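One structure below.
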Amino acid sequence: ITFIVFCRYCLKSNSSRQRLNRFSHFIGKRAVSVLATLIYLSYSKLLRTVIQILTYATVRTDNGMSFRVWFYDGTIRYFEGKHLLLFIIAMVTGLFFLFPYTLALTLIPIIDKYSDHNRLFNWLNQKANLLKPMNDAYYVPYKGVWRCWLGVRLWLLFILNVPTPFYSSDRPYLLMYIHSIIMVVFVFVQAHIRPF
């Protein structure tokens, strides 16, 4: 994307600018949908990384002391030293990217639908229209009534990933059964309503 912006605005020569301008127009039409796809595909990995960083284990010693360590590296104390920086980055990512992204992808179609009837929704719709190319990349594949289905899919990822560290490790099949039931129900609902 940086190359496209560079080609479009930074070159001084008219002949090279015209050639690269055509190239940037050719690439620019697809760049937004590619960026939207990359953000959507990286959502699950970012969510799992944030959950891994926030997961801890309690260690109890023989003399009765207990302390928390990072679940994935027992040599690092939880919320201390090295882990504190990871914790802050994970919280910022979760609070300022993952949660608003999920909420926006769920609510933008609803706000768009009711923007004619409510002044607040109309104002929010005007703000959401600033990201119209990105919104089109997300919502065009879905039928009008089911435009919020992408947000539902993100909430499903959230529901499947967040409780995972809290299940007991002595019953791993319980987690597998719960995930399987949720996924089968979701697949049947999606096959029945056909949001695409």
Side-chain angles (χ1 to χ4, degrees), residues 1-3 31-110 128 131 134-135 137-139 141-142 146-191 195-196:
I1 294 175
T2 306
F3 179 71
V32 173
S33 60
V34 169
L35 178 64
T37 304
L38 288 174
I39 291 171
Y40 177 69
L41 291 175
S42 66
Y43 177 86
S44 180
K45 180 61 178 166
L46 270 174
L47 180 64
R48 277 189 303 236
T49 304
V50 166
I51 291 168
Q52 285 176 355
I53 291 171
L54 299 179
T55 305
Y56 66 88
T58 303
V59 176
R60 290 177 181 79
T61 60
D62 291 337
N63 58 0
M65 292 180 51
S66 66
F67 54 92
R68 292 181 179 172
V69 294
W70 185 26
F71 185 79
Y72 294 94
D73 186 358
T75 62
I76 299 175
R77 293 241 178 163
Y78 188 76
F79 204 64
E80 292 179 13
K82 297 175 188 176
H83 188 265
L84 183 62
L85 180 63
L86 284 174
F87 185 85
I88 291 170
I89 292 170
M91 289 301 289
V92 167
T93 303
L95 292 175
F96 295 111
F97 176 70
L98 295 175
F99 184 70
Y101 179 74
T102 307
L103 200 60
L105 286 182
T106 307
L107 294 180
I108 285 176
I110 297 168
L131 299 172
M134 189 76 84
N135 293 340
Y138 285 126
Y139 300 124
Y142 296 98
W146 299 107
R147 295 260 164 112
C148 63
W149 194 251
L150 184 67
V152 171
R153 292 173 63 125
L154 292 178
W155 285 111
L156 178 71
L157 279 173
F158 191 78
I159 289 168
L160 290 176
N161 284 313
V162 168
T164 303
F166 302 109
Y167 284 109
S168 176
S169 61
D170 58 343
R171 296 182 301 182
Y173 293 111
L174 177 66
L175 181 63
M176 185 180 70
Y177 292 141
I178 292 171
H179 281 189
S180 299
I181 291 169
I182 290 173
M183 288 303 297
V184 166
V185 168
F186 181 77
V187 167
F188 279 122
V189 168
Q190 183 166 316
F196 302 107

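Computed from a predicted model, the values in this text were never measured in an experiment.
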Count the heavy atoms of every other residue, nucleotide or ligand shown that sit under 6.0 Å from CZ of F196, and state whether that count exceeds 12. yes

Should R147 and I108 be marked as a side-chain contact (heavy atoms from CB on, under 4.5 Å) after you check the CA-CA gap, both sets of side-chain angles, and the distance that decides it? CA-CA 9 Å; R147 295 260 164 112; I108 285 176; over 6 Å; no

Is the number of heavy atoms from other residues, nucleotides or ligands under 6.0 Å of F158 CZ greater than 12? no

Side chain proximity check, L156 to V152, heavy atoms < 4.5 angstrom: no

Which heavy atom of A104 sits nearest a heavy atom of P109, and at what distance? O-CD, 4.4 Å

CD1-CG distance between I39 and L35, expressed to the nearest 0.5 angstrom: 4.0 Å

State the CG-CZ distance between L157 and R48, to the nearest 0.5 angstrom. 8.5 Å

Give the ring-plane orientation class for Y56 versus Y78, where under 30° counts as parallel, over 60° as perpendicular and anything between as tilted. tilted

CG of L107 to OG1 of T102, rounded to nearest 0.5 Å, is 10.5 Å

Taking distance alone, no hydrogens or angles, what donor-acceptor pairs closer than 3.5 Å link side-chain atoms of residues 79-87 to residues at least two apart or in another chain?
{"residue": "H83", "atom": "ND1", "partner": "F79", "partner atom": "N", "Å": "3.0"}
{"residue": "H83", "atom": "NE2", "partner": "I53", "partner atom": "O", "Å": "2.8"}

Over 12 non-hydrogen atoms of neighbours within 6.0 angstrom of CG in N63: yes

In terms of heavy-atom contacts, L95 and F99 come closest through O-CB, 4.5 Å

Tell me whether the rings of Y43 and Y101 are parallel (<30°), tilted (30 to 60°) or perpendicular (>60°). tilted

Is the shortest heavy-atom distance from the side chain of T106 to the side chain of L154 under 4.5 Å? no

Hey, what do you get for CD (Q52) to NZ (K45), rounding to the nearest 0.5 Å? 6.0 Å

Stepwise side-chain contact (heavy atoms from CB on, under 4.5 Å) test for L54 and F71: CA-CA 9 Å; L54 299 179; F71 185 79; over 6 Å; no

Minimum heavy-atom separation for S66 and R60, please, with both atom names. CB-CG, 3.7 Å

Taking the side chain as everything from C-beta on, heavy atoms only, tell me whether L105 gets closer than 4.5 Å to R153. no

Distance, nearest 0.5 Å, that separates CD1 of I89 from OG1 of T49: 12.0 Å

Exercise: identify the closest heavy-atom pair between Y138 and A36: OH-O, 3.2 Å

Hey, could you give me the CD1/CD1 distance between I182 and I178, rounded to the nearest 0.5 Å? 7.0 Å

Atom OH of residue position Y72 - does it have more than 12 heavy atoms of other residues, nucleotides or ligands inside 6.0 Å? yes

Could you tell me whether the side chain of W70 reaches within less than 4.5 Å of the side chain of T75, counting heavy atoms only? no

Show the numbers, then the answer: is there a side-chain contact (heavy atoms from CB on, under 4.5 Å) between F97 and L46? CA-CA 10 Å; F97 176 70; L46 270 174; 3.6 Å; yes

